[in-house]
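Here's the structure, in structure tokens; my notes come after.
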Amino acid sequence: MQTIKGPGLFLAQFVGAEAPFDSFGAITAWAADCGYLGVQVPSGAASLIDLDRAAASRTYCDELSEQARANGVEITELSAHLQGQLVAVHPAFDAAFDGFAPAAVRGDAVARQAWAVDQVKKTIDASANLGLDRMAAFSGALAWPYLYPWPQRPAGLVEAAFDELAARWRPILDHADSRGVDICFEIHPGEDLHDGVTFEMFLDRVDQHPRARMLYDPSHYLLQQLDYLANLDIYAERIGMVHVKDAEFNPTGRQGVYGGYQPWLDRAGRFRSLGDGQVDFKGIFSKLATMGFDGWAVVEWECALKHPEDGAREGAAFVRDHIIRVTDRAFDDFADGGADDAANRRMLGLGA
């Protein structure tokens with residue numbers, strides 16, 4: 001067993017143009033004041049990190065780490081969610097996802113993909129320079145528009161999509177292996193890797209690559225009505241990162257999992273601040289401790305109702321109260337009478 005590190009905070013939802021969210025120094029000091037011990041940094045947020053410098057300079061990374069420590073936190077991981085999304089984009093989403101890329105590559109799917117691959121590789125290099133052994137990403141999606149097919153999917157369509165997805169990610173995973181960094185794919189609706197089955201389909205095509213791991217976020221599983229506790233048992237060896245995020249699912253006679261195209265506030269399934277939803281975090285933290293998870297419990301704040309700064313402060317306390325400091329001895333050690341082989345045989349009636 002192992003005591004989980006935390007609480008950490010994913011900064012992506014808080015980066016902005018106003019202080020204290022507009023610079024690395026200010027936002028890390030704010031996070032520490034909220035009660036966090038670590039921060040997960042989106043590598044595409046130029047106000048927080050210069051990714052080109054971080055990928056090339058260990059000195060710059062040392063300075064960044066020292067600035068974080070001076071403010072009371074450490075960098076838990078880097079995230080390349082948005083860049084990873086652009087590694088694989090179905091043409092139906094070209095216009096929607098162009099906004100994730102710089103203006104120079106918008107409208108050019110090939111150039112945008114090349115930029116995204118370069119960004120993910122730079123995030124790997126920056127992670128290594130920061131002394132981190134894992135990073136977060138989305139997988140992107142080619143098959144997602146055909147999730148619930150009508151008319152039926154032609155034979156081989158999904159297989160072709162996953163073959164291509166694996167072909168795009170395999171060289172990135174190999175680069176990650178050369179730098180000693182795991183890529184933790186967030187299992188997430190909208191991605192081709194959105195549940196255990198699809199993750200396994202991907203693993204089969206990258207030959208069970210040791211650097212392909214999971215970012216576990218129970219909120220996405222609750223909204224899919226997937227057994228998120230059993231998922232921990234099944235994938236214990238592959239889970240490299242955890243987002244602590246709450247959600248609720250309250251189906252009605254009018255809508256269910258698909259949400260009826262409604263805004264977040266009016267959906268049957270919606271994200272909530274920690275403690276306000278339905279996720280069994282006591283069960284999750286117990287399983288994480290039991291399986292020896294060696295990473296951080298990182299809060300990802302998303303809520304349809306609560307102000308983000310309130311959610312952040314409450315989230316730090318929530319995680320701190322749920323982390324289990326694992327025991328170094330059995331509770332019944334006081335009753336241990338000692339034994340040896342001869343005593344054991346006598347207790348079994350087998351003689352000395």
Side-chain angles (χ1 to χ4, degrees), residues 5 8-17 19-32 36-87 100-105 112-140 169 171-186 211-213 215 240-241 243 295-296 298 300:
K5 293 178 282 190
L9 178 66
F10 187 26
L11 297 180
Q13 284 79 12
F14 297 94
V15 180
F21 309 111
D22 58 346
S23 71
F24 185 75
I27 201 170
T28 51
W30 168 80
Y36 290 98
L37 301 179
V39 291
Q40 187 176 94
V41 181
S43 67
S47 62
L48 302 188
I49 183 172
D50 183 329
L51 183 58
D52 288 339
R53 286 184 67 193
S57 171
R58 185 163 295 177
T59 299
Y60 170 74
C61 287
D62 289 344
E63 292 170 354
L64 204 65
S65 296
E66 180 53 38
Q67 185 177 20
R69 285 193 294 268
N71 286 336
V73 296
E74 59 182 286
I75 299 172
T76 65
E77 303 97 3
L78 298 182
S79 152
H81 279 82
L82 300 189
Q83 303 101 310
Q85 182 78 63
L86 300 185
V87 170
F100 290 177
V105 299
R112 186 185 60 203
Q113 181 190 336
W115 173 84
V117 169
D118 180 65
Q119 285 277 298
V120 176
K121 287 184 174 179
K122 285 177 177 175
T123 303
I124 292 166
D125 292 337
S127 297
N129 286 339
L130 286 162
L132 305 173
D133 64 358
R134 64 200 76 182
M135 58 159 281
F138 280 145
S139 68
W169 276 103
I172 304 173
L173 287 164
D174 289 344
H175 180 69
D177 194 38
S178 74
R179 299 307 308 269
V181 176
D182 293 338
I183 300 177
C184 300
F185 294 99
E186 181 163 2
R211 295 297 176 182
R213 302 187 74 188
L215 191 168
M241 204 175 293
H243 274 175
W296 284 78
V298 175
E300 183 184 23

Who are the ring pair (Phe, Tyr, Trp, His ring centres under 6.0 Å) partners of [X], not counting sequence neighbours?
| X | result |
| --- | --- |
| Trp115 | none |
| Tyr36 | none |
| Tyr60 | none |
| Phe24 | none |

Nearest-0.5 Å distance that lies between atom [atom1] in [X] and atom [atom2] in [Y]:
| X | Y | atom1 | atom2 | answer |
| --- | --- | --- | --- | --- |
| Leu64 | Arg69 | CG | CZ | 10.0 Å |
| Asp182 | Asp177 | CG | CG | 9.0 Å |
| Asp125 | Ser178 | CG | OG | 7.5 Å |
| Cys184 | His243 | SG | NE2 | 9.5 Å |
| Leu11 | Ile49 | CG | CD1 | 11.0 Å |
| Leu132 | Leu78 | CG | CG | 6.0 Å |

>> So, using side-chain hydrogen bond (donor to acceptor under 3.5 Å, both in side chains) as the criterion, who are the partners of Asp52 when residues are at least two apart?
In response: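 Lys122.
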> Who pairs with Thr28 by side-chain hydrogen bond (donor to acceptor under 3.5 Å, both in side chains), at least two apart in sequence or on another chain?
Replying inline: Asn71
> Among Glu186, Glu77, Arg213, whose side-chain contact (heavy atoms from CB on, under 4.5 Å) with Met241 holds?
Replying inline: Glu77
Do the side chains of [Y] and [X] get nearer than 4.5 Å, heavy atoms only?
| X | Y | value |
| --- | --- | --- |
| Lys5 | Leu37 | no |
| Asp118 | Gln83 | no |
| Leu51 | Thr123 | yes |
| Ile183 | Arg211 | no |
| Leu130 | Cys61 | yes |
| Val39 | Trp30 | no |
| Pro42 | Leu48 | yes |

> Checking Ser43 side chain against Ser79 main chain: does a donor-acceptor pair fall under 3.5 Å?
Replying inline: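 Between the backbone of Ser79 and the side chain of Ser43 there is a qualifying donor-acceptor contact (under 3.5 Å).
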> Side chain of Arg134, backbone of Gly240: donor and acceptor closer than 3.5 Å?
Replying inline: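 Yes, the answer is positive, given that a donor and an acceptor are paired below the 3.5 Å cut-off.
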>> Applying side chain to side chain contact (heavy atoms under 4.5 Å, CB included) to Leu9 and Val73, what does each step give before you reach the verdict?
In response: CA-CA 10 Å; Leu9 178 66; Val73 296; over 6 Å; no
> When you look at Leu215 and His81, which way does the side chain to side chain contact (heavy atoms under 4.5 Å, CB included) test go after all the steps?
Replying inline: CA-CA 11 Å; Leu215 191 168; His81 279 82; 4.1 Å; yes
>> Apply side chain to side chain contact (heavy atoms under 4.5 Å, CB included) to residues Gln113 and Val105 and explain how you reach the verdict.
In response: CA-CA 9 Å; Gln113 181 190 336; Val105 299; over 6 Å; no
> Do Ser57 and Asn129 pass the side chain to side chain contact (heavy atoms under 4.5 Å, CB included) test, and can you show the C-alpha distance, the side-chain angles, and the key distance before you say yes or no?
Replying inline: CA-CA 7 Å; Ser57 171; Asn129 286 339; 5.9 Å; no
>> Could you report the tightest heavy-atom contact between Ala137 and Trp169, atom names first, then the distance?
In response: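 The answer is CB-CH2, 4.3 Å.
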